[in-house]
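Hydrogens, waters and symmetry mates play no part in the numbers below; they use all other heavy atoms, side chains included. Residue numbers start from 1 in every chain, and the chains themselves are labelled A, B, ... in the order their sequence lines are given, proteins ahead of strands.
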Protein chains: 2
Amino acid sequence: MHCQHRHTHERQELAALTSRLRREDRKITGPRAAILEILRHHPHPLTNKEIFSELPEGECDLATIYRAMQMLEKLGMVQRFDFGDGAARFELVGEGNNGHHHHLICTRCASVVEVQKCFPEEVEREIAKTNGFTGVTHRLEFFGICPDCQK
Amino acid sequence: MHCQHRHTHERQELAALTSRLRREDRKITGPRAAILEILRHHPHPLTNKEIFSELPEGECDLATIYRAMQMLEKLGMVQRFDFGDGAARFELVGEGNNGHHHHLICTRCASVVEVQKCFPEEVEREIAKTNGFTGVTHRLEFFGICPDCQK
DNA sequence: CGCCTTATTGCAAAAGGTTTGCAATAAGAA
DNA sequence: TTCTTATTGCAAACCTTTTGCAATAAGGCG
Ligand SMILES: [Mn+2]
Ligand SMILES: [Mn+2]
Ligand SMILES: [Zn+2]
Ligand SMILES: [Zn+2]
């Protein structure tokens, strides 16, 4: 309301997401729109429980979130990440983007930084070739102590 | 029996493990010896359930294995790995070795190859510095289709 | 706009993996 | 051998994720 430009921008993004669902013959439901809205406003991966608690009171069941994330992952609209704490995390992926990237996570406060650097392609290719594997990819996350937690 | 050299070698290794426990004031129990014996004969990470099923009938309870692996991890005698399938895996670590390494896992048959290549140190240092993190390390695993599963 | 079909949801139960409390057991010291 | 106390087995609890099923509602169609 107080910023027409930004408001329009956000509305378009949500529309892009829902149109992507429509294109795949998926229904735009209240819970799904609410979940996308939350993901859209978070730059880092969220657990299903975190999404659940961000949702307005009784907006949607936890099981529905689990099912929604499974579907969004299958459509390539979210990327699943594993920080090693036993709960899957999901992050929205832009169209025409495979979502492959990494994170730097504080082991004290769990704060997260997006990391664009990736494992060197040529080394990965060498690992694949050496062992006769095809379609090789990787899962990689960094862990350390963030600036705040060092104080 | 049929190979004195190898036999001696194995016995020494188990002795090295138990002496390491003794040094840390931990008791050498039947279950612990049996677990170490299994880990010692497996070159790749094992889940607790896998260790359990390798164990002779009623040799030890699953909960005991969970407790043993926690202890061994704390002592740095095993390294925990996460292949992203929801079950922790453990691999024996040699003394004076921090156990840091990686794997290439077949997404069809789950076969595992040890990978010695690591993420480039200088790039990791740069990621740490850029974001003001200290004590940065990483978790990295590769996934693909193994030679057998390509046929 | 209202009806129909059927995907989607809520709820509750179940399914793994992992942890924990407690009484019984046994390792290692004396 | 005895004694102390870490360790074990067992059962229950915990946590995340999945699933069955009847009720609900989205979107297509007349
Ligand atoms: Mn991210
Ligand atoms: Mn290994
Ligand atoms: Zn990468
Ligand atoms: Zn490494």
Side-chain angles (χ1 to χ4, degrees), chain A residues 14-15 17-38 45-75 77-90 110, chain B residues 14-15 17-38 45-75 77-90 110:
Chain A
L14 183 57
L17 292 170
T18 55
S19 83
R20 194 157 166 197
L21 279 187
R22 237 182 294 275
R23 219 181 307 150
E24 300 274 359
D25 289 314
R26 287 331 203 311
K27 293 182 177 175
I28 317 297
T29 66
R32 287 178 180 175
I35 291 169
L36 288 172
E37 195 57 14
I38 286 172
L46 292 176
T47 65
N48 284 333
K49 212 207 295 182
E50 285 169 343
I51 294 173
F52 182 69
S53 54
E54 296 259 344
L55 241 28
E57 180 94 19
E59 170 73 48
C60 135
D61 192 81
L62 226 203
T64 300
I65 299 179
Y66 274 94
R67 284 189 272 232
M69 301 317 290
Q70 282 183 157
M71 177 209 57
L72 293 173
E73 186 185 20
K74 197 175 311 175
L75 300 191
M77 292 179 62
V78 301
Q79 174 77 24
R80 177 189 296 256
F81 292 98
D82 181 356
F83 288 1
D85 64 350
R89 278 158 219 268
F90 300 90
Chain B
L14 183 58
L17 292 170
T18 55
S19 82
R20 194 156 167 198
L21 280 187
R22 237 182 294 275
R23 219 181 308 149
E24 301 274 358
D25 288 315
R26 290 324 203 313
K27 293 182 176 174
I28 317 298
T29 65
R32 287 178 180 175
I35 291 169
L36 288 172
E37 197 54 16
I38 286 173
L46 292 177
T47 64
N48 284 332
K49 212 206 296 181
E50 286 169 342
I51 294 173
F52 182 70
S53 54
E54 297 259 343
L55 242 27
E57 180 94 18
E59 168 73 48
C60 137
D61 192 79
L62 226 204
T64 299
I65 299 179
Y66 274 94
R67 284 189 273 232
M69 301 318 290
Q70 282 182 155
M71 177 209 58
L72 293 173
E73 186 186 18
K74 196 174 311 175
L75 300 191
M77 292 179 61
V78 300
Q79 175 76 25
R80 176 190 297 256
F81 292 97
D82 181 356
F83 288 1
D85 64 350
R89 278 158 219 268
F90 300 90

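In this structure, B/Gly86 and B/Arg22 both approach DNA chain C, and ranking their closest nucleotides by distance from the 5' end singles out B/Gly86. Each of B/Asn48 and B/Gly30 has a nearest nucleotide on DNA chain C; the 5'-most of these lies closest to B/Asn48.
Taking only side-chain atoms of A/Gln70, from C-beta outward, the nucleotide of D/dT18, D/dT17, C/dT9 with the closest atom is D/dT18. Of all nucleotides listed (D/dG27, D/dG9, C/dG17), C/dG17 comes nearest to the side chain of B/Ala87. Counting only heavy atoms from C-beta on, B/Leu62 has its side chain closest to C/dT18 among C/dT18, C/dG17, D/dT18. Closest contact between the side chain of B/Thr29 and the listed nucleotides C/dA27, C/dT19, C/dC11 involves C/dA27. Distance from the side chain of A/Arg67 is smallest to D/dC21 among D/dC21, D/dT16, D/dT8. Nearest to the side-chain atoms of B/Tyr66 among the listed nucleotides C/dG10, C/dG17, C/dG28 stands C/dG17.
For the pair B/Arg26 CZ and C/dA29 P, the computed distance is 15 Å after rounding to whole Å. When the C1' atom of D/dT8 is taken as reference, atom CD1 of B/Ile65 falls 12 Å away, rounded to whole Å. With rounding to whole Å, B/Met69 atom CE is found 19 Å from C/dT20 atom C1'. Atom CG of B/Leu72 and atom P of D/dT7 are 11 Å apart (whole Å). Between the C1' atom of C/dA7 and the CD atom of A/Glu24 lies a distance of 15 Å, rounded to the nearest Å. Distance, A/Leu21 CG to D/dG27 P: 10 Å, rounded to whole Å. Straight-line distance from the NZ atom of B/Lys74 to the P atom of D/dA6: 14 Å, rounded to whole Å. Whole-Å rounding puts the A/Ile28 CD1 to D/dG27 P distance at 6 Å.
Between A/Pro45 and A/Arg89, the shortest heavy-atom distance links the atoms CB-CB, 3.4 Å. The shortest heavy-atom contact between A/Arg32 and A/Leu21 is CD-CD1, 4.5 Å. Closest approach of B/Leu75 to B/Arg20, counting heavy atoms only: O-NH2, 3.7 Å.
Under the side chain to side chain contact (heavy atoms under 4.5 Å, CB included) rule, B/Val78 has a single partner from B/Met71, B/Gln70, B/Glu73, which is B/Glu73.
Residue A/Arg32 is in sugar-phosphate contact alone, with no base atom involved, counting any heavy-atom pair closer than 4.0 Å across all strands shown. Using a 4.0 Å heavy-atom distance criterion, B/Ala63 is classed as a base contact.
Look at B/Lys49 and you'll find a side-chain N or O under 4.0 angstrom from OP1 or OP2 of C/dG17. Side-chain N/O atoms of A/Lys27 include none lying less than 4.0 angstrom from OP1 or OP2 on D/dA25.
For the pair A/Leu62 and A/Tyr66, the minimum side-chain heavy-atom distance is below 4.5 Å.
Residue side chain B/Arg89 does not reach the base of C/dG17 through any donor-acceptor N/O pair under 3.5 Å, judged by distance alone.
Between the B/Arg80 side chain and the B/Ala88 main chain, no donor and acceptor come within less than 3.5 Å of each other.
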